[in-house]
Amino acid sequence: MAVEGAVASRSGLRSALPLLAPAYLWLTVAIFLPLSAMVFFSFMTDLPLAGKPWAFTLGNYAAFFSQSLYLTLLLASLRLGLEVTLWCVVIGYPAAYVLAKVLKGRSREAIFLLVILPFWSNGLVRIFSWAMVLREGGILDTAANAVLPFKINIDLMYSYPAVIIGLVHSYVPYMVLTCYLTLQAIDDSLIEAGRSLGASRLQVLRRVIIPLSLPGLVAGAALIFVPVVGSFMEPRILGGRTGTFYGTVIEDQFVAVFNWPLGAALSFILLAVVLVILAIASPVLKRAA
Amino acid sequence: MAGVKVSNVSRSFGAHKALDDVSIDFADGGFYALLGPSGSGKTTLLRQIAGFDFPDSGRIAIGGESVERVPVEKRRIGMVFQNYALFPNMSVADNVAFGLSVRGESKAVIATEVQRALDLVQLGKLGARRPHQLSGGQRQRVALARAIVTKPRVLLLDEPLGALDKALRVDMQIELKRIQREIGITTIFVTHDQEEALTMSDRIGILRDGRLVQEGPPEEIYDRPKSEFAATFLGDANIFRGDATGNGIRLPDGTAIAADVGDRLAAGAKASCAVRPERIRIATNAEAADGQANMLKGQVSKRIFAGNNSTYFVERGGQTLKVIVQNTGADRLAEGQEVVLRWSPQSTVLIAAS
Ligand SMILES: Nc1ncnc2c1ncn2[C@@H]1O[C@H](COP(=O)(O)OP(=O)(O)O)[C@@H](O)[C@H]1O
Ligand SMILES: [Mg+2]
């Protein structure tokens, strides 16, 4: 069986090669070349601009280990990634379930559009909208005080929760989409079969639906976790002084300090850490699935 | 085990009446076939009994206990789906164990019960496989084992053999019947295959457009259909239409057909007669009336030889009649030949025009 499958997929690959070629060409040009340049930079003392002298060094990587700040920030960013991913699961999975299994026809299309909308809006617009909602005297504060009989003071702006809210809002559509695709592929008769065997809705969810939609959850989590750990826009704008993370430090190296070699080295350390985490997580998740 | 009583159940989807005042008594331990064309409401009726859907009006009782508002998981039913609906993330044994496991049975009990159920469907050695590693017939057996391992009160099957090829289907029919006898479970079996309904069940209910057309043992429905629809849907029938005469009908051309079976109808009413193709005798001459009171002349337009029998299509007064003759080695009739058809009033069912 397995051998047959491998042979089939190999010959399938050969016939697909002409179709894949443009994609590989594009990947080479758009990702591989700039990335190699960055690898190169990360081992340099300075950018080879305007005839400045430069040499090869491991100093940029050593910097990460010589200052505990970088490690602290990396851990904070990993925690941010974990928290945002968890919130995206908590919010996105039920939404995907309702979209795939409860709503039908027109209402499904309408809700789907609402879920996708953040995708199509400009990232900065999205973040500044949240700033308007979250700041003191902003929309949330005003609304809460209009409804509640007592005076409360809501000022979430420039705080960790604000960063979480902004990031979850930006990334939750990934979770909804990947989970929706796997949930939608689950035949309704499986749910009915489970119930006919005496399982409550919750038992069917736990034993049938969640295991079968795990690939979607994992894909969504990977799509969210990786960019969130390196994010800088939301932390900077919504987090203010509290919004210093690993991603913002990297950004600083590129746009403020102009220490590209250090920025590149820090990026590759992040990439390595994320890959190690995914490598450790994948067999565990595969076994669960 | 328990009987199922469906009383005056109606269910509409929008303006469409999927079930219209259906009442059926499913006897305890019986094998009941629900037969009807696609869209006649068979699945809808089964889903009301299972509890996946609830009737707009009417009552459903399982083992004397009223269940209209009881959710599926509390009804203690077993269901086999047309597409098998096996859990792809579980092994065969875990699929079968599912119902026992959600009920909180101990591991030891589950293991013995699962093995017994798999043995019953002759899959005792395949417990470790995944559903996708099984053939269609094997999946069907797993689905059956999974449905009966929890000892449900009723077994519901929605066209369970529809996806199997002909030979496998016949095997599974025999197998299913054996298992049903062995555990004596009340079984409601949905099918659109009339042969399947005839051979397997001890009672048949025929549905059409959400209504129960006729209900009874297979022999009774076959021998005494109460409507043209029942006569032609379950088996083949030649239908004659005319006016009731008191002991039969008179065709528009004046020919009288005597009928001894079926309703007594007032003379003059519109009525039909149904005659099964195998009840008609075909001959080349009119001699030897031998009590076969009904007689028509016609011309053979086509003959289909099927080994053990032949089907003759006979043209008569703008109508094509079907006659099935066993292969006894007697002379065969040629296409174009003038023939005489004879059959007895006892083989003729009088049906009120609908
Ligand atoms: N959930 C539903 N929503 C709308 N119409 C339905 C639904 N279920 C069944 N129907 C309609 O009810 C009728 C009977 O369907 P069904 O019971 O599935 O027929 P059968 O099983 O005899 O083929 C069909 O016309 C079908 O379109
Ligand atoms: Mg159906």
Side-chain angles (χ1 to χ4, degrees), chain A residues 1-6 8-9 93 96-97 100-108 178-179 181-220 282-289, chain B residues 43 46-47 49-53 70-90 94-105 114 117 129-134 139 142-160 163:
Chain A
M1 264 302 278
V3 174
E4 258 174 49
S9 71
Y93 190 82
Y97 182 85
K101 292 287 166 216
V102 182
L103 296 177
K104 300 255 141 51
R106 274 246 167 277
S107 51
R108 174 189 287 185
T178 56
C179 290
L181 289 177
T182 48
L183 282 168
Q184 201 224 24
I186 299 175
D187 195 333
D188 284 345
S189 67
L190 292 182
I191 299 171
E192 295 190 336
R195 301 245 284 142
S196 76
L197 292 165
S200 65
R201 285 173 197 278
L202 211 64
Q203 281 172 314
V204 171
L205 182 73
R206 205 166 57 75
R207 288 168 176 249
V208 180
I209 299 173
I210 291 181
L212 286 176
S213 55
L214 208 55
L217 273 170
V218 172
S282 80
V284 175
L285 290 167
K286 237 181 234 146
R287 201 166 328 125
Chain B
T43 297
L46 209 66
R47 292 172 63 81
I49 298 169
F52 293 127
D53 191 35
V70 177
V72 201
E73 63 266 28
K74 300 248 165 64
R75 287 199 188 184
R76 293 197 282 131
I77 51 116
M79 177 111 182
V80 175
F81 296 80
Q82 178 167 12
N83 64 355
Y84 321 123
L86 299 179
F87 305 125
N89 55 320
M90 299 178 200
D94 287 345
N95 261 280
V96 178
F98 187 89
L100 299 170
S101 149
V102 294
R103 203 193 270 172
E105 298 284 355
V114 166
R129 292 237 187 129
R130 290 269 168 159
H132 68 87
Q133 297 169 315
L134 300 179
R139 283 180 214 186
V142 176
L144 185 61
R146 183 179 70 174
I148 58 181
V149 76
T150 54
K151 303 209 164 49
R153 299 184 290 182
V154 196
L155 181 61
L156 308 172
L157 305 106
D158 193 355
E159 309 207 15

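Quick note on labels: first sequence line is chain A, next is B, and so on, each numbered from 1.
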Only pairs of heavy atoms separated by less than 4.5 Å count here; which of B:Gly51, B:Ala85, B:Gly78, B:Gly99 has the most with chain A? B:Ala85
Chain A heavy atoms under 4.5 Å from B:Arg146: which part of the residue, side chain, backbone, both or neither? both
Are A:Lys101 and A:Ile191 close enough that some pair of their side-chain heavy atoms sits under 4.5 Å apart? yes
Spacing of B:Glu159 atom CD and B:Asn83 atom CG [to the nearest 0.5 Å]: 11.5 Å
Please tell me whether A:Ser213 and A:Tyr93 have a donor and an acceptor in their side chains that are separated by less than 3.5 angstrom. yes
Within the structure provided, determine whether A:Arg201 and B:Pro71 are in side-chain contact (heavy-atom separation under 4.5 Å). no
Is B:Phe87 close to chain A through its backbone or its side chain, or both, or neither, when contacts mean heavy atoms under 4.5 Å? both
Side chain, backbone, both or neither: which part of B:Leu100 has a non-hydrogen atom closer than 4.5 Å to chain A? neither
